[in-house]
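Report on one structure; see the data block that follows.
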Amino acid sequence: MPAEDRYEVIVVGGGGAGLAAATTAAQSGCKTLLVERRPALGGTTAISTGLVSAAGTRAQRRAGITDDTPERHCDDMLTAGQAQAERNNAALTRLLAEEAPATVDWLAALGVTFGGPFPSPGASRDRMLVPLPNAGSYIFHLARAFRRAGGVLRLGAAVDDLIVEEGRVTGVVSVSRRLTATRGVILASGDFSAHKALRHAHLPQYDAMPAINPHSVGTGFELGLKLGGEILNGDIVRAGQLRFPPPEGQSSLVTRLPPHRWLAEPMRLALKHLPKALLKPVTMPFLATYLTPDAALFRQGAILLNADGQRFTDETKAPGLAVSQQPKAQAHIVFNARIAAHFDTPPNAICSAPGVAHAYLRDFRRYRGDLVTSAASPEALAQALGMPPERLSASLPEGWATGPLYALGPVRPAISTTMGGLRVDENLCVLRADGSVVPGLFAAGSVGYGGLVIVGQGNNLGWAFTSGRRAGLNVARDQRDI
């Protein structure tokens, strides 16, 4: 076997979890290979808002928050997830809370600049952090650190199978090439939201809903299941959130800014010291594209109309799932002048990023005018939206016929992430259905949820980086007994 095909650690997947695992293993002195099926790194992490939460970080201490602890963070997560407490892996929840601050400080040491901490729903202390200028900062700094540590990268190379010798995973087969991993293989290829068969098996009601990342094809799950692995909580999903499409032919300035410290540090200071009004031209296009409209819109009486002008669901009950089954899998949010006035002034925002900014109707008009339609009558609104006037008029609540009327959209639902993961232990080792370890095989990020039910902003990505980092450290220890 050629020398270049022999490694100590092989990581499958180049998103946040995979890069964290590969970088940690390489920094620990292991000859490490990262294999990514796509032509570029990033995965779902790169298209996320980038929020992470951790208790006891340097950022909190700088902000004067000295009484937050991992124990408090763990309690907050367990409290928020009480509805599914019997299905949650409390040990992994504690692992996330305990290791998250070290993970955040490690990312900061690699060059990631964080804004915050900010408040978030369900958190008893301000601990949510945002990477500056965007989530691409994680990918940039992790990839740079990986290369500097001597890591080897193979892009555009799918992993087809695992190599097993004497009951132990000893490598992978990629593009008909055998690649040896003397210490272990880490599966970190993302969730299975775009894997049709796994989705149908675990989440058949979401067959018609697209994945926010169409490249989350479940490679790690397929590989783990072949060796007797088991998917836990496969029927739990974060899905159906209605999102606005990005401006046609362009992306938000926030998503295009380079992730360099000379830019990120002034942004951190601006977030801390400048009035929010001065930051709106930058933050609003981002908020109105990547965050979901608040459910309060529908509680106040806004309705959803499909492309045929029909109201098709009770908007207060799983509207995203209903929208996914409509023509073009999209709809418009329609409301009258009373509701428009209600969501045009604080504290009633259409979209919110707690502590960062809030988007009201006037902000949509100014920064995402392509999403706002107003009309003096139902007939005029139908004409503007290309809907049959009679059908639209018949769908409106009583008293709306005199106008004026407003529409936001279209909105489209998507699966943000599937919460099912391979069963793992606290070392991130993959376990078979009978609880025995698959020697030499580890899982991190979405592949390694392991029964963890994550609730609360910033905790999913926190798990991606924390589990990746811990898996990288554990496999570098060459734990032959597991």
Side-chain angles (χ1 to χ4, degrees), residues 80-84 120-122 203-210 212 235-245 287-354 358-361 364 371-374 378 381 385 387 391-401 403-417 419 453 455-457:
Q82 276 185 336
Q84 296 169 315
S120 60
L203 300 159
Q205 68 272 39
Y206 292 98
D207 278 351
M209 191 177 294
I212 196 169
D235 60 329
I236 299 179
V237 62
R238 183 169 295 172
Q241 292 181 325
L242 298 173
R243 296 176 185 269
F244 298 104
L287 284 176
T289 300
Y290 293 98
L291 297 183
T292 184
D294 197 287
L297 265 173
F298 302 121
R299 291 196 297 269
Q300 284 291 323
I303 64 173
L304 287 167
L305 298 183
N306 65 18
D308 294 328
Q310 291 180 315
R311 187 180 184 184
F312 51 88
T313 189
D314 178 346
E315 292 83 2
T316 63
K317 299 177 181 179
L321 187 58
V323 173
S324 71
Q325 299 165 351
Q326 299 306 304
K328 301 182 182 180
Q330 67 181 36
H332 279 79
I333 303 171
V334 176
F335 46 94
N336 64 2
R338 178 191 63 81
I339 297 170
H342 184 78
F343 288 95
D344 208 27
T345 56
N348 306 304
I350 292 174
C351 295
S352 295
H358 305 275
Y360 304 96
L361 180 58
F364 274 81
L371 297 175
V372 182
T373 303
S374 59
L381 184 66
L385 298 178
M387 298 176 180
R391 196 167 293 167
L392 183 147
S393 295
S395 298
L396 297 179
E398 186 177 354
W400 286 24
L405 296 172
Y406 301 84
L408 285 178
V411 287
R412 302 178 181 118
I415 294 180
S416 298
T417 182
M419 296 299 297
V453 179
V455 180
Q457 288 181 320

Is the side chain of [X] donor-acceptor paired with the backbone N or O of [Y] at a distance under 3.5 Å, no angle test?
X: Ser395; Y: Gly309; answer: yes
X: Asp308; Y: Gln310; answer: no
X: Arg338; Y: Gln300; answer: yes

So, for [X] and [Y], which heavy atoms are closest and what is the spacing to 0.1 Å?
X: Pro413; Y: Ala329; result: CD-O, 3.5 Å
X: Tyr360; Y: Ile350; result: C-CD1, 4.2 Å
X: Arg412; Y: Pro245; result: NH1-CB, 3.2 Å
X: Leu304; Y: Glu315; result: N-OE2, 3.0 Å
X: Gln241; Y: Ser416; result: OE1-OG, 3.6 Å
X: Ala239; Y: Tyr206; result: CB-CE2, 3.8 Å

Rounded to the nearest 0.5 Å, how far does [atom2] of [Y] lie from [atom1] of [X]?
X: Thr345; Y: Leu361; atom1: OG1; atom2: CG; value: 10.5 Å
X: Ile236; Y: Thr417; atom1: CD1; atom2: OG1; value: 11.5 Å
X: Asp294; Y: Asn348; atom1: CG; atom2: CG; value: 9.0 Å
X: Ile333; Y: Leu242; atom1: CD1; atom2: CG; value: 6.0 Å
X: His332; Y: Gln330; atom1: NE2; atom2: CD; value: 7.0 Å

field: Derivation and outcome, ring pair (Phe, Tyr, Trp, His ring centres under 6.0 Å), residues Phe364 and Phe244
entry: CA-CA 11 Å; Phe364 274 81; Phe244 298 104; 5.3 Å; yes
query: Pick one: which of Gln326, Arg391, Lys328 meets side chain to side chain donor-acceptor pair (under 3.5 Å) with Asn306?
result: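 Exactly one option meets the side chain to side chain donor-acceptor pair (under 3.5 Å) with Asn306, and it is Gln326.
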Would you call [X] and [Y] a side-chain contact if the rule is heavy atoms closer than 4.5 Å?
X: Val334; Y: Tyr406; result: no
X: Ile303; Y: Leu305; result: yes
X: Pro378; Y: Leu405; result: yes

